[in-house]
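First listed ligand is number 1; within each ligand, the first listed atom is number 1.
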Amino acid sequence: MKLPERGLERDDLFARMDAYRDQDMNWRSGRTFAYIYDAGREAERVGKEAFASFLTENALDPTVFPSLLKFETDLVGMATAHLSGGDEAVGSFTSGGTESIMLACKAARDQARKARPNLARPEIVLPTTAHAAFHKAAEYLCLERVMVPVDPETFKADPEAIREAITPNTVMLVASSPSYAHGVIDPVEEIAALAREHDLWLHVDACVGGFLLPFFRRLGAEVPPFDFSVPGVTSISMDLHKYAFTPKGASLVLYRTRSLRRHQIFACGHWTGYTVINPTVQSSRSGGPLAAAWAVLNHLGDDGYMDLAKRTLDATRRLVEGIEAIDGLDVMAEPEFCMVAATSDDFSVFHIVDEMKERGWYIQPQLAFGSSRENIHFSLHPGNADKIDAMLEALQESVEAARARGGGSGLAAQVAKMAESLPLDQLDESTFGQLLSVAGVDGVDLPDRMAEINEMLNALPRPLSEKLLIEFINELYVCRDDGCPPRAA
Ligand SMILES: *Cc1c(COP(=O)(O)O)cnc(C)c1O
């Protein structure tokens, strides 16, 4: 692939780009239960206009673009008020939940290093339901992960297990509000009591739920305390690009006090160029996501969000009832947010995902981990609130079709057995290629049905499935000069 010899005309250019988009999921249909958080066309338009309007402004230097400083401090101010932060609470606008979590982990690590100069291997205690972003942060920041089981019935973090995992090297405890997989809220008050007792940093990951949960509470839903109202909560991550419905690239990391945030900020005078002071991971930073988030929050306002929250909460209740009425399908845990996981004793749930896709619906497969068995996941948003009945009909049909296909093909178990004898560090590309082709992945073209692949990933030891996924992505992101984007199922 080379640059076109002559630049393309606008019309031609956008026609091509739209053609590439043909294969994308049509998220405006309200038939997608993941990846998309849709508050309607008006909020979409406001977000896009503000995004485009401030796209070129650079938050690298807030003294040159004070408008962006204003947007950021306003957003953090609204967020800390929303989550019971006091006068001392501060925060930063980041590109997403992963960055917010990474920064909180860095701040906790560096604060601990300062307080404990002999700290050799800083550890973070992670319930099995904690988001993958903490594992990523641990890899990037050289933190040791100490994993603890969650309650096998409620899928909430177990404070006793956390207590037992605390060592002199612990620098951070983690609670989720809610955890993504099952949509349940960890016992933040109990975990915060532990953090206080041991003088530890507690991060509450409210990436997905932090924004809407206070609205759900006002609507009468049972929402246990999870924010800065709980003494012992040190920092909170809250995404805006999920349930505040702003364009992507928008999250917040919040700290109880300003002195905690200091450990997050990077400054560099050791080079010949301009002075670098970065509060977050990015240095050059588009004003687009920031302006868009400011615009959408101010456009929707408290009443707008109450309305969206009510529609979403009602839809969740109808979904939970509907799933429970389907023979062979069980809701896992008791969802406390608009996210629901369901599983089956009778057949492979991964077939349901494929069957739904054939009927034009997107739901998410989740692999087994710890005490959580493999399941299907629904993240609801206002855009699918009036599609629940139609979706449940398709789900009923898909469950019947999945039941007809029965359990796994046996292939997955076979692959897992094969994998057991393979020494992990000696696996080469050709072994991975073989494993992938057994599951029906040929090169980077995915088969229409993903059940076999999911079954295989589900059956493999996790270090091996992680390696396999890395190989797959390393293959996928290669320029193919055939004029088409690679086909993903
Ligand atoms: C989505 C999510 C994250 C990660 O956020 P990204 O914006 O995808 O980086 C972290 N924690 C929870 C609970 C989430 O749902």
Side-chain angles (χ1 to χ4, degrees), residues 27 32-38 47 75 79 83 91-106 108 124 126-141 145 150 155-157 172-188 191 202-213 216 223 226-227 233 235-254 280-282 285-286 288-290 292-293 296 312 316 333 335-341 363-364 366 369-370 372 375 377-381 473:
W27 58 269
T32 63
F33 287 76
Y35 303 127
I36 296 298
Y37 307 87
D38 180 13
L75 284 168
L83 298 180
S92 296
F93 184 88
T94 75
S95 63
T98 301
E99 187 183 350
S100 293
I101 286 169
M102 221 168 247
L103 290 170
C105 287
K106 175 188 154 18
I124 54 175
L126 294 180
T128 53
T129 49
H131 194 276
F134 290 98
H135 296 263
K136 189 174 178 181
E139 276 200 27
Y140 279 33
L141 297 166
R145 292 165 263 185
V150 296
F155 297 104
K156 295 185 184 205
M172 184 193 249
L173 306 183
V174 171
S176 303
S177 178
S179 59
Y180 184 90
H182 310 93
V184 298
I185 301 169
D186 286 340
V188 172
I191 300 169
L202 170 59
H203 182 78
V204 173
D205 180 11
C207 274
V208 77
F211 196 83
L212 275 198
L213 278 173
F216 281 8
V223 177
F226 71 92
D227 58 16
V233 171
S235 56
I236 300 178
S237 46
M238 178 171 80
D239 292 347
L240 301 176
H241 64 199
K242 287 177 183 157
Y243 286 100
F245 312 109
T246 77
K248 283 181 187 60
S251 173
L252 296 165
V253 56
L254 306 169
T280 65
V281 175
Q282 290 178 302
R285 184 154 66 107
S286 168
L290 193 46
V296 171
T312 310
T316 307
E336 296 172 286
F337 193 58
C338 45
M339 301 197 307
V340 180
I363 59 173
Q364 219 171 23
Q366 296 189 134
F369 187 68
S372 179
N375 62 80
H377 173 101
F378 306 80
S379 289
L380 279 80
H381 61 83
I473 286 298

- Short N or O distance, Y180 and ligand 1, threshold 3.5 Å exclusive: no
- Task: Before giving the answer on side-chain contact (heavy atoms from CB on, under 4.5 Å), spell out for Y180 and Q364 the whole-Å C-alpha distance, their side-chain angles and the decisive distance to 0.1 Å.
- Result: CA-CA 12 Å; Y180 184 90; Q364 219 171 23; 2.7 Å; yes
Between [X] (side chain) and [Y] (backbone), is there a donor-acceptor pair under 3.5 Å?
X: T246; Y: L240; value: yes
X: Q282; Y: S95; value: no
X: H131; Y: A133; value: yes
X: H241; Y: A250; value: yes

Can you report which non-hydrogen protein atom sits closest to [atom], along with the distance?
atom: atom 13 (C) of ligand 1; value: D205 OD2, 3.3 Å
atom: atom 9 (O) of ligand 1; value: T98 OG1, 2.6 Å
atom: atom 2 (C) of ligand 1; value: K242 NZ, 2.2 Å
atom: atom 6 (P) of ligand 1; value: G97 N, 3.4 Å

- Note on the structure: Which of S100, P289, S237 passes side-chain contact (heavy atoms from CB on, under 4.5 Å) with T94? It is S100
- Task: Answer with yes or no whether E99 contacts ligand 1, where contact means a heavy atom under 4.0 Å from a ligand atom.
- Result: no
- Which segment of A133 sits under 4.0 Å of ligand 1 when only heavy atoms are counted: neither
- Message: Using a 4.0 Å cut-off to any heavy atom of V208, which atoms of ligand 1 qualify?
- Response: 15 (O)
